[in-house]
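Note that ligands are numbered from 1 as they come in the structure, with each ligand's atoms numbered from 1 the same way.
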Amino acid sequence: MEDLGQSLDHMRHTAPLVHNITNYVAMNVMANVMLAAGASPAMLHAREEVEEFAALAQAITINIGTPSPAWAEAMEMAAKTANAHKTPWVFDPVAVGATAYRRELGPRLLALSPSVIRGNASEILALAGVGTAGKGADATDSVDAAQNAARDLAHQSGGIVAVTGPVDFVTDGDRTALIANGHEMMPRITALGCSLNGIIAAFLVGQDPFDATVAALAYYGLAGEQASQKAEGPASFQTAFIDALYQLDPAALTQGARVTV
Ligand SMILES: Nc1ncnc2c1ncn2[C@@H]1O[C@H](COP(=O)(O)OP(=O)(O)O)[C@@H](O)[C@H]1O
Ligand SMILES: Cc1ncsc1CCOP(=O)(O)O
Ligand SMILES: [Mg+2]
């Protein structure tokens with residue numbers, strides 16, 4: 001596995017343009033998280049421009065947090081453009097088990113071979129067709145309970161699956177990694193999972209997808225740990241977290257990552 005600090009360094013030197021089709025809740029915080037980390041985010045979803053822009057982007061994220069038919073069409077257009085250009089793309093199946101509409105949309109996007117699927121345990125179980133609805137955008141299942149579903153989804157999609165929670169689990173179907181970095185304040189801020197998709201996407205550019213995903217998760221979790229030392233509650237945590245993403249240097253990531261491969 002490549003040195004995690006080097007992976008962060010590579011991402012920052014590349015400063016990749018990442019096209020995000022994300023939800024209304026996440027747009028602002030996700031863009032700020034990505035800018036702090038050193039990536040270049042753009043949020044857009046109109047069918048009239050999505051293919052043109054996706055063709056320019058170095059990575060793409062697609063998130064079904066607040067879907068509608070026009071957005072869903074744009075998501076499929078962007079995913080197909082990504083595949084045509086061999087551009088990596090990250091899929092976040094937000095609350096995919098919650099409604100019939102999402103249970104139909106999730107598999108449609110899964111069929112377009114995302115490079116990385118990132119969700120909480122309930123979302124990964126629901127996308128794999130074996131699980132619960134979760135609690136809206138929040139998880140009601142443990143990461144451990146979603147490991148087999150993650151392996152199945154990785155085989156089905158041909159990509160990487162990352163299940164996030166107290167300890168994150170990453171698999172390509174054969175290899176696995178556990179990332180113990182993170183802080184319990186992270187799920188108390190909305191859209192930190194969505195924002196993480198943009199960080200994973202930025203790390204994917206020019207790097208091995210499995211190693212890049214692990215490095216992105218360790219970096220994100222370690223920034224959460226550092227932010228917790230300054231925060232008094234969720235609001236100050238968000239500010240401190242964005243600062244920590246900016247301040248964290250490659251050597252500190254190599255030293256502070258708690259990854260078991
Ligand atoms: N209880 C926890 N302790 C430590 N880190 C956590 C915890 N819950 C979530 N995280 C971290 O928060 C980030 C977002 O994950 P998660 O909350 O699972 O996503 P989502 O918001 O999509 O449900 C990840 O980096 C994950 O490791
Ligand atoms: C609260 C909410 N409702 C629809 S999308 C969304 C954001 C979910 O973001 P995250 O899964 O990263 O907490
Ligand atoms: Mg989420």
Side-chain angles (χ1 to χ4, degrees), residues 20-34 37 43 45 61-68 71 75 90-99 101-102 105-106 116-127 131-147 150 161-170 177-201 203 213-229 231 234 237-238 241-242 244-245 248 253 256-260:
N20 306 291
I21 305 181
T22 192
N23 60 72
Y24 288 112
V25 186
M27 277 194 203
N28 183 274
V29 61
M30 181 176 184
N32 277 322
V33 158
M34 293 181 68
M43 327 320 252
H45 50 264
T61 72
I62 296 179
N63 174 307
I64 63 166
T66 53
S68 67
W71 279 42
M75 289 172 192
V90 179
F91 174 40
D92 185 342
V94 182
V96 68
T99 65
Y101 181 51
R102 285 168 202 252
L105 177 57
V116 178
I117 301 165
R118 200 285 320 163
N120 64 43
S122 298
E123 291 161 346
I124 296 303
L125 282 161
L127 190 63
T132 63
K135 189 177 178 188
D138 294 330
T140 52
D141 300 278
S142 71
V143 172
D144 279 357
Q147 287 197 7
V161 178
V163 190
T164 54
V167 175
D168 304 324
F169 175 76
V170 176
L178 292 168
I179 299 96
N181 297 101
H183 191 269
E184 62 193 14
M185 195 70 86
M186 296 175 84
R188 296 296 195 116
I189 318 287
T190 193
L192 282 202
C194 305
S195 305
L196 171 57
N197 306 326
I199 301 297
I200 295 171
F203 272 75
T213 302
V214 171
L217 294 178
Y219 164 64
Y220 206 71
L222 188 58
E225 290 168 28
Q226 297 193 344
S228 73
Q229 290 163 14
F237 181 88
Q238 182 173 322
F241 180 61
I242 290 170
L245 289 167
L248 219 164
L253 176 56
R258 285 183 284 135
V259 175
T260 314

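Shortest contact from atom 14 (C) of ligand 1 to any protein heavy atom: Gly193 CA, 3.8 Å. The protein heavy atom nearest to atom 4 (C) of ligand 1 is His183 N, 3.1 Å. When only non-hydrogen protein atoms are considered, atom 17 (O) of ligand 1 lies nearest to Pro187 CB, 4.0 Å. Nearest protein neighbour of atom 9 (O) of ligand 2, counting heavy atoms only, is Cys194 SG, 3.1 Å. Counting protein heavy atoms only, atom 27 (O) of ligand 1 is closest to Asp168 OD1, 2.7 Å. Looking at atom 1 (C) of ligand 2, its nearest protein heavy atom turns out to be Thr190 OG1, 3.7 Å. Atom 12 (O) of ligand 1 has as its closest protein heavy atom Met186 CB, 3.4 Å. Annotation: atom 2 (C) of ligand 1 to nearest protein heavy atom, Pro166 CA, 3.5 Å. The closest protein non-hydrogen atom to atom 4 (C) of ligand 2 is Gly65 O, 3.5 Å. Atom 3 (N) of ligand 2 has its closest protein heavy atom at Val25 CG2, 4.1 Å.
No option in Ile179, Asn181, Leu192 other than Leu192 meets the side chain to side chain contact (heavy atoms under 4.5 Å, CB included) test with Tyr220.
Considering backbone and side-chain N/O of Gly165, one or more are found under 3.5 Å from N/O of ligand 1. Checking only distances, Asn181 never comes within under 3.5 Å of ligand 1, N or O to N or O. An N or O contact shorter than 3.5 Å is missing between Val94 and ligand 2 by distance. Note: no N/O pair closer than 3.5 Å links Asp92 and ligand 1 by distance alone. The distance criterion of under 3.5 Å between nitrogen or oxygen atoms is not met by Tyr220 with respect to ligand 1. Considering both main-chain and side-chain atoms, Gly193 comes within under 3.5 Å of ligand 2 through a nitrogen or oxygen pair.
The shortest distance between side-chain heavy atoms of Ile199 and Val33 falls below 4.5 Å. Between Leu217 and Leu196 the shortest side-chain heavy-atom distance falls below 4.5 Å. Under the 4.5 Å side-chain criterion, counting only non-hydrogen atoms from C-beta, Ser195 is not in contact with Met34. Val161 has its side chain within reach of Ile124: a pair of non-hydrogen atoms, C-beta onward, lies under 4.5 Å apart. Using a 4.5 Å cut-off on side-chain heavy atoms (C-beta onward), Leu178 and Gln147 make contact.
Ligand 1 places these atoms under 4.0 Å from at least one heavy atom of Arg118: 19 (O), 20 (P), 22 (O). Heavy-atom contacts of Ala191 reach the following atoms of ligand 2: 9 (O), 10 (P), 12 (O), 13 (O) (cutoff under 4.0 Å). Remark: ligand 1 atoms within the under-4.0 Å shell around heavy atoms of Asn120 are 18 (O), 23 (O). Of all atoms in ligand 1, numbered sequentially from 1 with element shown, those under 4.0 Å from a heavy atom of Gly182 are 4 (C), 5 (N). In summary, the atoms of ligand 1 found under 4.0 Å from a heavy atom of Glu184, numbered by their order in the structure, are 1 (N), 2 (C), 3 (N), 4 (C).
Among all heavy-atom pairs drawn from Leu248 and Leu253, the shortest one is CD2-N, 3.7 Å. Residue Val143 comes nearest to Gly165 through the heavy atom pair CG2-CA, 3.8 Å, listed as atom of the first residue, atom of the second, then distance. Here the closest non-hydrogen pair linking Ile21 and Trp71 is CG2-CE3, 4.4 Å. Considering every non-hydrogen atom in both Ala227 and Ala244, the closest pair reads N-CB, 4.3 Å. Of all the heavy atoms in Ala162 and Val170, the pair that sits closest is CB-CG2, 4.2 Å.
At a 4.0 Å heavy-atom cut-off, ligand 1 does not touch Met185 at all. Of all the heavy atoms of Asp138, none lies under 4.0 Å from any atom of ligand 2, so neither backbone nor side chain is involved.
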**OP:** Any chance you could lay out the side chain to side chain contact (heavy atoms under 4.5 Å, CB included) test for Phe237 and Met186, step after step, and finish with the verdict?
**Re:** CA-CA 8 Å; Phe237 181 88; Met186 296 175 84; 3.7 Å; yes

Subject >> Criterion salt bridge (charged side-chain N to carboxylate O under 4.0 Å, His left out) on Arg102 and Glu123, from CA distance to verdict >> reply: CA-CA 11 Å; Arg102 285 168 202 252; Glu123 291 161 346; over 6 Å; no

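A donor-acceptor pair shorter than 3.5 Å cannot be found between the side chains of Thr164 and Asn120.
One option in Thr164, Ile199, Asn63 has a heavy atom closer to atom 16 (P) of ligand 1 than any other, and that option is Thr164.
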